[in-house]
Amino acid sequence: MPVKAVLFDLDGTLVDSLQTVAEALVEVLPRHGFHSTVEALIPRIGPPVAVLAREMFGATEEQAERLNRDYLDAYYARYVDRTRPHDGADALLAHLYEAGMPLGIVTNKHEEGARYIVRLLGWERS
């Protein structure tokens, strides 16, 4: 059966965002009574930040939601613009687009944030 469309995960597949996500978390954790390092956080990044806060730090649901809001504010204000594509991502997407392949992103990132990164990297097409 021929391929009719290609869906990509964003973080970790098309873009390398581990460093910036971890840096934003390290910035906001102390406001909520938690501490960590970029190196300790990077292997744990993947689930939503609220889940990470509960699992890694034993945060309550309320603490985790407040931490997540602060993280998102910091990430989009000071870190997201440093997001870079993984090697080969630009060329792969360009090739698939030029071949007429429908493309999509599947991510647990907020839609607005994912769209921002797609625009930032010049991957948005009409």
Side-chain angles (χ1 to χ4, degrees):
M1 183 156 82
V3 175
K4 295 181 181 176
V6 179
L7 301 175
F8 291 96
D9 182 31
L10 186 61
D11 295 293
T13 301
L14 292 177
V15 301
D16 183 3
S17 56
L18 290 176
Q19 183 75 26
T20 53
V21 167
E23 288 173 5
L25 274 169
V26 166
E27 176 187 320
V28 301
L29 282 171
R31 295 182 214 160
H32 300 273
F34 307 116
H35 300 277
S36 191
T37 64
V38 168
E39 296 77 21
L41 289 168
I42 284 177
R44 302 291 305 269
I45 293 172
V49 167
V51 172
L52 187 73
R54 289 190 301 274
E55 290 177 355
M56 273 189 83
F57 305 107
T60 65
E61 186 72 30
E62 185 178 314
Q63 287 173 316
E65 291 306 318
R66 282 195 315 260
L67 189 147
N68 186 59
R69 282 191 302 272
D70 285 351
Y71 154 76
L72 289 171
D73 289 345
Y75 180 72
Y76 288 109
R78 292 180 289 287
Y79 297 93
V80 72
D81 288 343
R82 294 190 354 239
T83 302
R84 296 295 170 253
H86 276 300
D87 290 343
D90 286 322
L92 174 62
L93 293 173
H95 175 76
L96 291 171
Y97 178 78
E98 290 165 10
M101 181 64 63
L103 304 173
I105 301 279
V106 180
T107 181
N108 68 4
K109 214 180 229 13
H110 290 241
E111 183 176 347
E112 182 180 314
R115 288 183 182 277
Y116 179 80
I117 290 173
V118 167
R119 281 190 308 275
L120 175 75
L121 298 175
W123 293 342
E124 189 174 63
R125 302 283 197 247
S126 300

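No hydrogens, no waters, no symmetry mates; every other heavy atom, side chains included, goes into these values.
- Here the closest non-hydrogen pair linking Ser36 and Val26 is O-CG2, 3.8 Å.
- Environment of CZ in Arg31: crowded, with over 12 heavy atoms of neighbouring residues, nucleotides or ligands closer than 6.0 Å.
- The salt bridge (charged side-chain N to carboxylate O under 4.0 Å, His left out) test applied to Glu112 returns no partner, not counting sequence neighbours.
- Counting Ile, Leu, Val, Met, Phe, Trp and Tyr side chains that sit under 4.5 Å apart, directly or through other members, Leu7 shares a hydrophobic cluster with Val106.
- Every residue meeting the ring-ring contact (aromatic ring centres under 6.0 Å, His included) condition with Tyr75, not counting sequence neighbours, appears here in chain and number order: Tyr71.
- More than 12 non-hydrogen atoms from other residues, nucleotides or ligands lie less than 6.0 angstrom from NE2 of His86.
- Summarising the geometry of Gly58 relative to Gln63, their closest heavy-atom pair is O-OE1, 4.4 Å, with the distance given to 0.1 Å.
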Would you list the atom pairs, donor with acceptor, under 3.5 Å between side chains in residues 38-51 and any protein atom, with sequence neighbours excluded?
none

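- Taking each heavy atom of Val28 and Leu67 in turn, the nearest pair found is CG2-O, 4.4 Å.
- Atom NZ in Lys109 sits 6.0 Å away from atom CG in Leu10 (nearest 0.5 Å).
- In terms of the side-chain hydrogen bond (donor to acceptor under 3.5 Å, both in side chains) criterion, residue partners of Asp90 (sequence neighbours excluded) are, by chain and number, Trp123.
- Atoms CG and CZ, on Asn68 and Arg54 in that order, are 9.5 Å from each other to the nearest 0.5 Å.
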Verdict with reasoning, Val15 to Arg84, per side chain to side chain contact (heavy atoms under 4.5 Å, CB included): CA-CA 6 Å; Val15 301; Arg84 296 295 170 253; over 6 Å; no
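- Annotation: side chain to side chain donor-acceptor pair (under 3.5 Å) contacts involving residues 12-22, sequence neighbours excluded, comprise Asp11-Ser17, Gln19-Glu23.
- The two atoms that bring Met101 and Val6 nearest to each other are CG-CG2, 3.7 Å, heavy atoms only.
- The distance from atom CG of Leu103 to atom OH of Tyr97, rounded to the nearest 0.5 Å, is 9.0 Å.
- Contact annotation: the side chain of Leu52 approaches that of Leu25 to within less than 4.5 Å [non-hydrogen atoms, C-beta and beyond].
- Take Glu65 and apply the side-chain hydrogen bond (donor to acceptor under 3.5 Å, both in side chains) test, not counting sequence neighbours, and it matches no residue.
- Separating the CG atom in Leu121 from the CZ atom in Arg119 is a distance of 11.0 Å, to the nearest 0.5 Å.
- Not counting sequence neighbours, Arg69 has no partner by the side-chain hydrogen bond (donor to acceptor under 3.5 Å, both in side chains) test.
- Not counting sequence neighbours, the partners of Asp81 by the side-chain hydrogen bond (donor to acceptor under 3.5 Å, both in side chains) test are Tyr116.
- Residues satisfying the salt bridge (charged side-chain N to carboxylate O under 4.0 Å, His left out) criterion with Glu98, sequence neighbours excluded, are absent altogether.
- Note that CG of Leu14 and OG1 of Thr107 are 9.5 Å apart. Values are rounded to the nearest 0.5 Å.
- Screening residues 34-65 for ring pair (Phe, Tyr, Trp, His ring centres under 6.0 Å), with sequence neighbours left out, gives Phe34-Phe57.
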